[in-house]
Structures are given as C-alpha cells and as structure tokens.
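We count ligands from 1, going down the list as the structure has it; atoms in each ligand are counted the same way.
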Amino acid sequence: MISKKIESAINDQINAEFWSAYLYLSMSTYCAHKSLPGAANWFHIQFKEEQDHAEKFMSFILSRGGQVLLQPVAKVETSWESLLSAFKDTLAHEKVVTAKINHIYDLAVEEKDYATQSLLNWFIDEQVEEEETAQQMIDTLGMIGDGYGLYQFDKELAARVYTPIVTA
Ligand SMILES: [Fe+2]
Ligand SMILES: [Fe+2]
C-alpha cells in the first residue's frame with residue numbers, strides 16, 4: 001500500500017509530467033511555425049516521452065493500491081524568441097521537475113517507502129539525461145548561431161526517433 005502523502009505527491013507529479021508534455025507540444029508547434037521541422041519533431045517526441053512518464057507514475061499508483069487523480073494542466077508559453085530560448089526554457093523547466101522528484105524522494109526516505117524510492121531512481125537517472133541534453137542543445141546553438149548552421153542542426157534534430165517507455 002501507498003501512503004496518502006506519497007499518493008498525493010505522485011499525483012502532483014503526474015500533473016507536472018502532463019504540464020511538461022504540454023509545454024513541449026507548444027514548443028513543437030512553435031518550431032513547425034518557424035520552419036524548423038526537425039526541432040518540431042524533436043519536441044514532439046519529447047511531448048510523447050513526458051506522457052509516458054505520467055503513465056509510468058499512474059501505473060505505479062494503481063499497482064500500489066492507490067488512486068490516480070488527474071488535475072487541470074497549467075497554461076504554457078506559446079512562443080519564444082528563438083530555438084535557443086526554447087531550449088533555455090527547457091533546461092529551466094527540467095530543473096523544476098528534478099526538484100519535484102527529489103522532494104518526493106525525500107518523502108519516500110522519511111516513510112521508508114522503498115518501492116517508491118526504486119521507482120524514483122529511474123526518474124532521477126532520466127532527469128540527469130534530460131538536463132544534460134538540454135544543456136548540449138544550448139551549447140550547440142550558441143556555437144552555430146542562425147542561418148545555415150541552424151538549418152543543418154535542424155536536419156539533425158529531424159533524425160530523432162520515438163521509442164516508447166515500457167510502463168509495467
Ligand atoms: Fe518527465
Ligand atoms: Fe522531462
């Protein structure tokens with residue numbers, strides 16, 4: 001069984017994952033509008049992965065005898081100054097998500113809830129990757145600037161392929 005405190009924290013996290021999904025969907029449509037189809041593809045995959053994260057948390061609550069409570073998803077930005085600024089927002093957003101996951105981990109440690117800690121270990125590793133990737137995008141975009149470099153980089157982002165995250 002899962003405690004009410006952990007159940008509520010994970011329900012909030014499910015909402016944060018859908019909020020992330022919504023943000024990346026918004027970035028994807030922004031990129032498509034700005035004639036960056038590769039970046040639009042990249043963010044669209046990010047959108048799907050965030051939904052997978054939400055589902056992974058949902059499955060966990062259900063398997064622990066808890067109740068999933070879906071909440072309204074908060075408003076997100078709809079336009080950015082540039083692709084670089086979208087990736088800067090991505091990094092800032094992922095840091096907020098990391099802090100939320102760390103907070104649930106603290107609760108799980110306090111409650112000696114080892115199952116939740118085990119689930120969260122996967123997410124902690126995932127967040128390291130998410131932050132690293134966003135930082136790499138920022139670094140690359142800082143090097144290439146606009147114009148032909150951006151055009152080529154967009155082609156690289158077009159190659160990203162979606163691999164569903166298995167939710168047990
Ligand atoms: Fe996520
Ligand atoms: Fe993420």
Exercise. Any N/O/S atom, backbone or side chain, of Glu50 lying under 2.8 Å from the Fe ion (ligand 1)?
Worked result: yes
For this session: State whether Glu17 contributes an N/O/S atom found under 2.8 Å from the Fe ion (ligand 1).
Result: yes
Exercise. Of all the N, O or S atoms in Glu94, which one sits nearest to the Fe ion (ligand 2)?
Worked result: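 For Glu94, the N, O or S atom at the smallest distance from the Fe ion (ligand 2) is OE2.
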Exercise. Of all N/O/S atoms in His53, which lies nearest to the Fe ion (ligand 1)?
Worked result: ND1
For this session: Return yes when at least one N/O/S atom of Glu130 is nearer than 2.8 Å to the Fe ion (ligand 2), and no when none is.
Result: yes
Problem set entry | Check: Tyr30 ring centre within less than 6.0 Å of His33 ring centre | no
Problem set entry | Residue among His93, His53, Glu94 satisfying side chain to side chain donor-acceptor pair (under 3.5 Å) with Ser20 |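 Running side chain to side chain donor-acceptor pair (under 3.5 Å) over His93, His53, Glu94 with Ser20 returns exactly one hit, His93.
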Problem set entry | Lys/Arg N to Asp/Glu carboxylate O, Lys4 vs Glu111, below 4.0 Å |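 Here Lys4 does not pair with Glu111 in a salt bridge, since their nearest N and O are not under 4.0 Å apart.
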Problem set entry | salt bridge (charged side-chain N to carboxylate O under 4.0 Å, His left out) between Arg160 and Glu49, intermediate numbers included | CA-CA 12 Å; Arg160 186 180 183 190; Glu49 283 195 2; 3.2 Å; yes
For this session: Report yes or no: do Asp52 and Tyr162 form a side-chain donor-acceptor pair below 3.5 Å?
Result: yes
